[in-house]
Amino acid sequence: MTLLEERPPERYEAPERRLTEVIPAPKNKGILAYLTSTDHKQIGINYMVTSFTMFLIAGAMAILMRVQLAVPNNNFVSLTTYNELFTIHGTIMLFLFLGPFAFGTANYLVPIQVGAPDMAFPRFNAFSYWLFLGGCITLLSSFLTSSGAAQWGWFAYAPLTEWIHSPGPGGDLWIVGVALAAFSSMFTGINLITTVFCLRAPGMVMFRMPIFTWNQLVTAFLVLLAFPVLSADLALLWADRHLGTNFFNPARGGQPILWQDLFWFFGHPEVYILALPFFGMATEIISTFSRKPVFGYKGMVFATLSIGGLSMGVWAHHMYTTGAVLLPFFTIMTLLISVPTGIKFFNWIGTMFRGSVRLDSPMLFCLGFLVCFLLGGFTGIMLALPPLDFQLHDTYFVVAHFHYVLFGGSVFAAFGAIHYWFPKFTGKKLDERLAKITFVIMFIGFNLCFFPQHDLGLRGMQRRIATYPSSAGWSFLNMISSIGAFILAFSMLPFLINVWETLRKGKKVGPNPWDGMTLEWVTESPPIPHNFEFIPPIRSERPVWDLNHPDHPTLPHGKHAREMARERREAAMAGVGAGGALGGSATGPATDGDGHVNGHGNGDSPGDGNGSNTPGDGGDGFGGGSP
């Protein structure tokens, strides 16, 4: 289009400013509020409560299985019932508890930790939860069918899943339930990624985000890479069962190993989808109760990114015994992924080292997580070696390894997170005495249950069996394992009593009962509908610490002691007092061997061991001199 004449200049007029009274709409109450809420905090609570209920149901199934295996030649449950319990127990723990619980905490905490008022897509968020709840109901309803629930194991190996081997609607309900949970996870992943990238508060750059948020972000990307493959695998299985296709039917040219390739391509990233969020929870708790910044913050971030990347290339170590795997490649990749995990362990230990460690209940659960996950990691390295895996692949050694990784790791960290953030969720703090009793009973019961299973595997006990002869020599260890399972189940009693009594009679606490460091601890407990009345200046990854402890601010990453000493000398020459505000001497803070902040100087200002200094490139800041 050609303009024939110039447009007259438009005159800008500022809009009229008027005071506007905002009248909030009436709020729904009771069950209607639960059904219609799009508040990310309510949805997060819904996720956590629903997934924890599924955890209790799966635990009850595990107790029934351990009763069956307590003595040889037992007939407590039939073989069919045992296979149903085994299948649904594993499916719930992997698809309907750990992942959804992690996404529940992410729903509640990630928007607050990045300074956002809500998730990016609130209604989409609510829809994701209802998909998850539908998956839970669909899966459990399979017990009500005439053929019973699926009996093919949580891994659903073909051709056991073909209609001719597993007829009836129970298997179909398993497929639909898992598919609904998969779509729920994908939608939540999209929401989390958008929230983190688009709704961060001013000053909340990527390298100031809490480690928990970083881990949830990487997990969300893994979900978007892995769960579409699982959904496609389920669609192929459904087509085989109902549409006459033969993707996995060897009798008609199908390839059963195709299911394993697709399932484990999802399944190994899934292990880290179930672990990385809980690594983030443990990191936040260890930092808070050590009263120090995270040692090697950027190293933790890059280790998380490395785990996310490497986890997409190690799936075939589940398939060593199939003979269809390039063993050297997947052995190297599996061993390589242990390196960033080891970096995390060193950083967790470095965070606690010379800190003012407080052994409150969240910290105790995290210490239990470190011990049990470390043992699971050692056995994982063993199983990464093909000669050992060939011997142990179908034995209880693998069962023990798997539970030490996911229960000993993720579940212990989850209980630490519940005790840590319960005051933020409810405004009330769980009773410490009952919480510590819960930890002691859980730790003893867990190790008594699963540690003997290593020896059972070495003695040749196969997994996925419902009974065994008395001549096998496995009776004593199985009895010990079953006793440990009952002790582990009993640990839920003081926990549930604690939650019930705290909700009924617990005293209100302030916004920050643990002296936390990240943004969720600056708002009310529980938070107000729009999360914040104000957001403090964000100049580090610990904005609330900087607000509450102005005499011990967090230093920029990589800040050298020599730079600090020069700045103090310049300030002194300018007539500004340069006392030991950071716990160092008047001539600058003490340093370690390579000149990084050590913070154990002898300045005049009182030091409290709060760990105010952020690690440099190769050192750490342990702020706080002696009074």
Side-chain angles (χ1 to χ4, degrees), residues 34 37 39-56 97-98 100-113 210-213 216 277-278 280-289 358-369 410-443 491-529 531 544:
Y34 165 76
S37 177
D39 183 2
H40 72 98
K41 298 180 288 297
Q42 180 63 55
I43 294 170
I45 293 293
N46 295 347
Y47 265 111
M48 287 185 277
V49 171
T50 305
S51 60
F52 193 82
T53 302
M54 298 303 292
F55 166 72
L56 296 178
F97 167 54
L98 284 174
F101 184 88
F103 277 138
T105 56
N107 259 284
Y108 200 108
L109 295 171
V110 166
I112 306 177
Q113 286 193 340
I211 294 294
F212 174 76
T213 298
Q216 290 286 4
F278 300 97
M281 297 174 193
T283 303
E284 300 297 333
I285 294 169
I286 290 171
S287 176
T288 296
F289 289 95
R358 295 176 297 168
L359 294 180
D360 292 325
S361 56
M363 188 65 173
L364 287 177
F365 278 103
C366 285
L367 292 176
F369 150 78
S410 299
V411 176
F412 269 92
F415 272 84
I418 292 171
H419 288 79
Y420 180 57
W421 279 296
F422 196 86
K424 184 55 57 180
F425 298 154
T426 66
K428 299 177 180 180
K429 188 176 176 182
L430 290 169
D431 180 73
E432 275 293 298
R433 183 175 59 88
L434 281 174
K436 291 177 179 179
I437 291 173
T438 300
F439 166 74
V440 171
I441 298 174
M442 182 183 291
F443 188 79
S491 69
M492 293 299 103
L493 184 60
F495 172 75
L496 294 175
I497 291 173
N498 199 356
V499 171
W500 174 257
E501 290 298 316
T502 301
L503 291 176
R504 287 179 64 243
K505 304 176 183 178
K507 295 181 180 179
K508 287 282 187 179
V509 296
N512 193 0
W514 304 118
D515 197 15
M517 307 177 186
T518 46
L519 276 183
E520 74 268 25
W521 299 110
V522 79
T523 187
E524 298 297 322
S525 298
I528 55 180
N531 292 342
V544 178

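Predicted, not measured: the structure shown is a model, and the values here were computed from it. Counting from 1, the numbers follow the sequence of the chain as shown. Side-chain atoms are counted along with the backbone in the values below, which use heavy atoms only and exclude waters and symmetry mates.
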Go through Glu284 and Met517 one step at a time and tell me if the side chain to side chain contact (heavy atoms under 4.5 Å, CB included) criterion holds.
CA-CA 9 Å; Glu284 300 297 333; Met517 307 177 186; over 6 Å; no
Please find the pair of heavy atoms, one from Met281 and one from Ala413, that lie closest to each other, and give the distance.
SD-O, 4.3 Å
Should Leu109 and Phe212 count as side-chain neighbours, where that means a heavy-atom distance under 4.5 Å?
yes
Heavy-atom pair with the smallest gap, counting every atom of Phe425 and Pro526
O-CB, 3.4 Å
Kindly state whether the ring of Phe101 and the ring of Tyr47 have centres lying under 6.0 angstrom apart.
no
Can you find a pair of side-chain heavy atoms, one from Glu501 and one from Asp431, that are under 4.5 Å apart?
no
Please check: side-chain N/O of Lys428 versus main-chain N/O of Leu503, any donor-acceptor pairing under 3.5 Å?
yes
Could you check whether any side-chain N or O of Lys41 sits under 3.5 Å from a backbone N or O of Pro527, counting only pairs where one atom can act as donor and the other as acceptor?
no
Is the closest side-chain heavy-atom distance between Phe369 and Phe278 below 4.5 Å?
no
So, does Asn498 use its side chain to make a donor-acceptor pair with the main chain of Pro494 at under 3.5 Å?
no
Atom of Pro513, atom of Trp521 and distance for their closest heavy-atom approach
CD-CZ3, 3.9 Å
Are Asp360 and His419 linked by a side-chain donor-acceptor pair shorter than 3.5 Å?
no
So, does Gln113 use its side chain to make a donor-acceptor pair with the main chain of Glu520 at under 3.5 Å?
no
Please find the pair of heavy atoms, one from Val509 and one from Pro423, that lie closest to each other, and give the distance.
CG2-CB, 3.8 Å
Determine whether Ile112 and Val522 make a side-chain contact, defined as any pair of heavy atoms from C-beta on separated by less than 4.5 Å.
no
Does Thr105 reach the side chain of Trp421, with side-chain heavy atoms less than 4.5 Å apart?
no
Check: Gln216 side chain, Ala102 main-chain N or O, donor-acceptor pair, under 3.5 Å
yes
Quick one: pull up CH2 in Trp500 and CG in Leu496 and give me the separation to the nearest 0.5 Å.
11.0 Å
Ring geometry between Phe365 and Phe412 (parallel below 30°, tilted from 30 to 60°, perpendicular above 60°)
tilted
For Thr288, what residues pass the side chain to side chain contact (heavy atoms under 4.5 Å, CB included) criterion, not counting sequence neighbours?
Arg358, Tyr420, Trp514
Rounded to the nearest 0.5 Å, how far does CD of Glu432 lie from OG1 of Thr438?
10.5 Å
In short, Pro100 meets Ser51 closest at the heavy-atom pair CB-CB, 4.1 Å
Give a yes or no on this: more than 12 heavy atoms of other residues, nucleotides or ligands lie within 6.0 Å of atom NZ of Lys508.
yes
Distance in Å, Cys366 SG paired with Phe415 CZ, rounded so as to fall on 0.5 Å steps:
13.0 Å
Asn46 CG to Asn107 CG distance, which is reported to the nearest 0.5 Å:
9.5 Å
Calculate, to the nearest 0.5 Å, the distance between atoms CE and OG1 belonging to Met48 and Thr53 respectively.
12.5 Å
d(Lys429 NZ, Ser525 OG) to nearest 0.5 Å is 11.5 Å
Are the aromatic ring centres of Phe495 and Phe52 under 6.0 angstrom apart?
yes
Is Thr523 close to Lys424 at the side-chain level, that is, under 4.5 Å between some pair of heavy atoms?
yes
Would you say the side chain of Val544 lies within less than 4.5 Å of the side chain of Asn512, judging by non-hydrogen atoms?
yes
Taking the side chain as C-beta and beyond, is there a heavy-atom pair between Leu430 and Leu434 under 4.5 Å?
no
